Number of protein chains: 2
Amino acid sequence: MANHSDLDILGRTELFHGMPSAMLVEIQAAGFRKKLASGEILFQQGDSASSLFVVIAGRLRATQTTLDGQQIIIRYLAPGETAGHTTLTRGVVHPSTVTAVDDSHLIGWSSDTIRKIMEQHSAVAMNALAVLAARYHEIQIRLLELSTEKVEQRIGHTVLRLANQAGRRTARGVEIAFPLSRQDLAEMAGTTLHTVSRILSRWEDLGIVDCGRRQVVLCKPHALMAISDEQA
Amino acid sequence: MANHSDLDILGRTELFHGMPSAMLVEIQAAGFRKKLASGEILFQQGDSASSLFVVIAGRLRATQTTLDGQQIIIRYLAPGETAGHTTLTRGVVHPSTVTAVDDSHLIGWSSDTIRKIMEQHSAVAMNALAVLAARYHEIQIRLLELSTEKVEQRIGHTVLRLANQAGRRTARGVEIAFPLSRQDLAEMAGTTLHTVSRILSRWEDLGIVDCGRRQVVLCKPHALMAISDEQA
DNA sequence: CGGACTTTTGAAGTAATTCAAGGGGAGTGG
DNA sequence: CCACTCCCCTTGAATTACTTCAAAAGTCCG
């Protein structure tokens, strides 16, 4: 039965949505399952890119590290999303490390397999193009933010994005549905944990957010949007 | 004869390399030519993405602008490269503006046409995936640089990248083969023209570069690499 | 209850921006 | 051909937003 529900989910992923179920069966049969406990690594920056994965359940984080050990968070991956698209290009290595931040369940395909699937089913290839284009667009926006905005606005946009992607409505407001430290936010917004802490404290005084240890709840999204879109 | 040489070039673009020439003829016939004088705009941020282009000759620049008019340069496009890949996703708008910085010659395909080509020829779709993956990787590196490096290193990496992409060997060193103002460099490195000017002056004193009005010649690449990779 | 993380907050320091003013090249038009 | 104008570039000085340094206070877990 696990198989059956996997199929349902597979049909709703960004990569395979819209595919007839016969094909999904075939696709699933060609892949392999992978389970990761929170904290385990799916693949590492510099590993040769040999498999492409789709997240079935859980949550993962893609990071990039400099030679001297500084890290940035590229993005968080939710169920339905794709990890390791570098695999689609021959002979390259993963540019980022992907780590589970929650117990996670994925399905993977070897480079050859996924390429064969795409060659036979152009709809999958077209989906992949759309996925990559969306990611590209996303990161382009972050580049723009990082280049033109002040820290407070950047942190604001980061929180708003996370609330959108991984928000859970609660009595207090929209809660970001996974543990998120000040350091994590800093690595996404391109700043330090100190600055994040200070700014979050200020917002807390204004009643805009409500945060705890590795937790952020967004109480007044509109107020935060106002701050984030404010022109210098 | 122009047709013939276009074909040659088309077969060496990132999108169509490796395709048999019969197919190239077909692909070219399905597209349309577009000429732009220096300064003319190919498409603008926010325009609906209706065509995809390949640069045959010339040079273009992709930029993104904020609501309050601040601009960043996403990248420069050389012959063989692809513009407007957003067109591959249905119902979206161009995230950036593309402008010719030199008289340029392109071939374009409507959204429907290029999708049809990709559906029929999976090799083109796979090329497109490789192109997008490469762009993504590229921009990811810039995000890392922007987040972790100091201005001098960022400018250094920017100049090194440009020298690589568009360098022309001359007696003085490697000359960046298109007009590049301090403002342009600033918009690529995420800083101000003042800072770029100061740092370029310093490098000039050290004999690392030699620059003029809208011109940069890299004389000592290794020295610049040393500066750029220096750890804080 | 000890110990390891995570967070907070002040104070000092600094890299880079902003402000301000002037200089120089390239092209235009008289 | 010279003068004028428009850009582009340079360089000091003042300002500031943010980081770095430092220390202490919470908070969770075994």
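The structure displayed is predicted, hence computed values, not measured ones.
Closest-nucleotide positions on DNA chain D for B:Gln215 and A:Val151 were compared, and the one nearer the 5' end corresponds to B:Gln215.
With hydrogens and angles left out, the side chain of A:His194 and the base of C:dT9 share a donor-acceptor pair within 3.5 Å. Judged by distance alone with a 3.5 Å cut-off, a donor-acceptor contact links the side chain of B:Arg198 to the base of C:dT18.
With rounding to whole Å, B:Asp205 atom CG is found 12 Å from D:dT11 atom C1'. We find that CG of B:Leu193 is positioned 16 Å from P of C:dA16, with the value rounded to whole Å. One interatomic measurement links the two molecules: CZ of A:Arg213 to P of C:dT8, which rounds to 11 Å at whole-angstrom precision.
The minimum heavy-atom distance linking A:Asp103 with A:Ser38 is given by the pair OD1-N, 2.8 Å.
Contact annotation: B:Ser201 side-chain N/O to D:dT11 OP1/OP2 distance is under 4.0 Å. Distances shorter than 4.0 Å separate none of the side-chain N or O atoms of A:Thr191 from OP1 or OP2 on D:dC18. Dashed line: the shortest gap from a side-chain N or O of A:Arg182 to OP1 or OP2 of C:dT8 is under 4.0 Å.
Picking from D:dC9, D:dT19, C:dT8 the nucleotide with the shortest atom distance to the side chain of A:Ser197 gives C:dT8. With D:dC8, D:dT19, D:dG26 as the choices, the nucleotide that has an atom nearest any side-chain atom of A:Thr192 turns out to be D:dT19.
Of the options A:Val55, A:Val54, A:Leu52, a side-chain contact (heavy atoms from CB on, under 4.5 Å) to A:Leu106 is made by A:Val55 and by none of the others.
Base engagement by B:Thr195 is indicated by at least one non-hydrogen atom pair under 4.0 Å involving a base atom.
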